[in-house]
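Written below as structure tokens is the structure these notes are about.
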2 protein chains.
Amino acid sequence: MDDKTMQPLLQHMLCLDLYAANQAVHRVYKPLLAPLGLTYLQYLVMVGLWEKDPLSVSEIGARLGLESNTLTPMLKRMEAAGLITRRRDPGDERRVNISLTTEGDEMRAAAGEIQRCLMEATGRSEAELLRFQEDLRGLIGNVRRAADDG
Amino acid sequence: MDDKTMQPLLQHMLCLDLYAANQAVHRVYKPLLAPLGLTYLQYLVMVGLWEKDPLSVSEIGARLGLESNTLTPMLKRMEAAGLITRRRDPGDERRVNISLTTEGDEMRAAAGEIQRCLMEATGRSEAELLRFQEDLRGLIGNVRRAADDG
DNA sequence: AGCCTTTAGATCGTATACGATATAATCGTA
DNA sequence: TACGATTATATCGTATACGATCTAAAGGCT
């Protein structure tokens, strides 16, 4: 086994493909979200709020794998854009409840079409995507456990 | 079909899983790379240079899907850290050749072990990972084509 | 009640990302 | 050979990410 095979070749690295896949998906979303004035991450927050409203900052963080250091500035931008409101929870003053404004709620109508575009962009059937997603989630679980242990 | 099924549920969104997968891998790498003083992205650049040296900025960009607006500042940081050198190509003064310093080249030795840790973190066999990677690359290709067309 | 710990957000500094734009070098072609 | 188009990199502004640290509120325990 020579030097070449001992080192991680870029073309063999799964991490790079995950990086590239995420980037590619991000790039499909951007032009679809631009007319709504939403970034990719902001869209993911909106999807969460369309499911359940209100959500605390940490509840949003649990869904997206992010913490207040990333979320607080972004949520302030979304508040300034008139998409959401931020209010201290009366029952627990540590928590900040995030709610959709009327304007934010009305964007929900555009989301179905965006999701359809994404499905189509993958060139896969719904069944294929579900199988792939299941595989991906198993891998995520393993990697997260490894990160927490190590 | 009610409102709920018309909207993209967060738990069904593949994009979120790709986002989470990338994040999880990133988090496994970080502590492994910290002793080397490398960020995740800087590591990916180093891997490229361990394969071929020198590389131009755009050659690195083609491998990582990034452009000079991201790479130039990062490469300057790597230069300041003594990992690489940046020199204009004498044959084409538009190009900037990136080369490893002796210190940068010597880090190569640590890369094999890091790669092994990552493989292990996935909890998958090499064959399983290759199959998954092939699937992922197919999906990336489709999504990129969709992004370029649309 | 007093006090220690935990929890939820916020802040700061640094490092990606990327659209838009600028600049200089090279190329193509009339 | 002049000159518009293209190419390679750099710069700027804004938006993520995240480790480290701070503050305030809540919880637990004596």
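Any value given below was found using the heavy atoms of this structure, including those in side chains, with hydrogens, waters and symmetry copies removed. Quick note on labels: first sequence line is chain A, next is B, and so on, each numbered from 1.
- The CD-P distance, from Glu59(B) to dT7(D), rounds to 16 Å in whole Å.
- Nearest-nucleotide mapping onto DNA chain D: of Ser58(B) and Glu93(A), the residue sitting toward the 5' end is Ser58(B).
- Between Arg86(B) and dT9(D), a side-chain N or O to OP1/OP2 separation shorter than 4.0 Å is absent.
- The side chain of Arg88(A) contributes no N or O atom lying less than 4.0 Å from OP1 or OP2 of dA26(D).
- Residues satisfying the side chain to side chain contact (heavy atoms under 4.5 Å, CB included) test with Glu113(A), not counting sequence neighbours, are Arg116(A), Cys117(A).
- When rounded to the nearest whole Å, the span between CG of Asp89(B) and P of dT9(D) equals 9 Å.
- The separation between Leu71(A) atom CG and dT11(C) atom P is 14 Å, rounded to whole Å.
- Comparing the local axis fitted to the first five base pairs of the helix from dA1(C)-dT30(D) to dA30(C)-dT1(D) with the one fitted to its last five gives a bend of 10°, rounded to 10°.
- For Tyr29(A), the ring pair (Phe, Tyr, Trp, His ring centres under 6.0 Å) criterion is met by Tyr40(A), Tyr43(A), not counting sequence neighbours.
- With sequence neighbours excluded, the residues forming a side chain to side chain donor-acceptor pair (under 3.5 Å) with Ser125(B) are Glu128(B), listed by chain and number.
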Donor-acceptor contacts, no H, no angles, side chain residues 80-87 of chain B, under 3.5 Å, sequence neighbours left out:
residue	atom	partner	partner atom	Å
Arg86(B)	NH1	Glu79(B)	OE1	3.3

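- Closest approach to the Arg95(B) side chain among dA8(D), dA8(C), dA10(D) is made by dA8(D) (side chain taken as heavy atoms from C-beta onward).
- Here dG9(C) presents its P atom at 14 Å from CD of Glu79(A), a figure rounded to the nearest Å.
- Residues passing the side chain to side chain contact (heavy atoms under 4.5 Å, CB included) test with Asn69(B) are Glu67(B), sequence neighbours excluded.
- By the side chain to side chain contact (heavy atoms under 4.5 Å, CB included) test, Ser58(A) pairs with Ser56(A), sequence neighbours left out.
- By the 6.0 Å contact criterion, CD on Glu134(B) is open, its count of non-hydrogen atoms from other residues, nucleotides or ligands being 12 or less.
- Checking dA10(C), dT26(C), dT9(D) against every side-chain atom of Val96(A), the shortest atom distance belongs to dA10(C).
- We find that NZ of Lys76(A) is positioned 13 Å from P of dG9(C), with the value rounded to whole Å.
- Rounded to an integer number of Å, the gap from CZ of Arg87(B) to P of dA10(D) is 14 Å.
- Considering only residues two or more places apart in sequence or on other chains, Asp92(B) meets the side chain to side chain contact (heavy atoms under 4.5 Å, CB included) condition with Arg94(B), Arg95(B).
- When the P atom of dC27(C) is taken as reference, atom CG of Asp92(B) falls 7 Å away, rounded to whole Å.
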Distances under 3.5 Å only, N/O to N/O: pair up the protein atoms with those of nucleotides 15-24 of chain D.
residue	atom	partner	partner atom	Å
dT16(D)	OP1	Thr39(A)	OG1	2.6
dT16(D)	OP2	Gln42(A)	NE2	2.9
dT16(D)	OP2	Arg77(A)	NE	3.4
dT16(D)	O5'	Arg77(A)	NH2	3.4
dA17(D)	OP2	Tyr19(B)	OH	2.3
dC18(D)	OP2	Gln23(B)	NE2	3.4
dC18(D)	OP2	Arg27(B)	NH2	3.1
dG19(D)	N7	Asn69(A)	ND2	2.8
dG19(D)	O6	Asn69(A)	ND2	3.1

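- At a cut-off of 3.5 Å, with distance as the only test, a side-chain donor of Ser99(B) or Asp53(B) sits close to an acceptor on the other residue.
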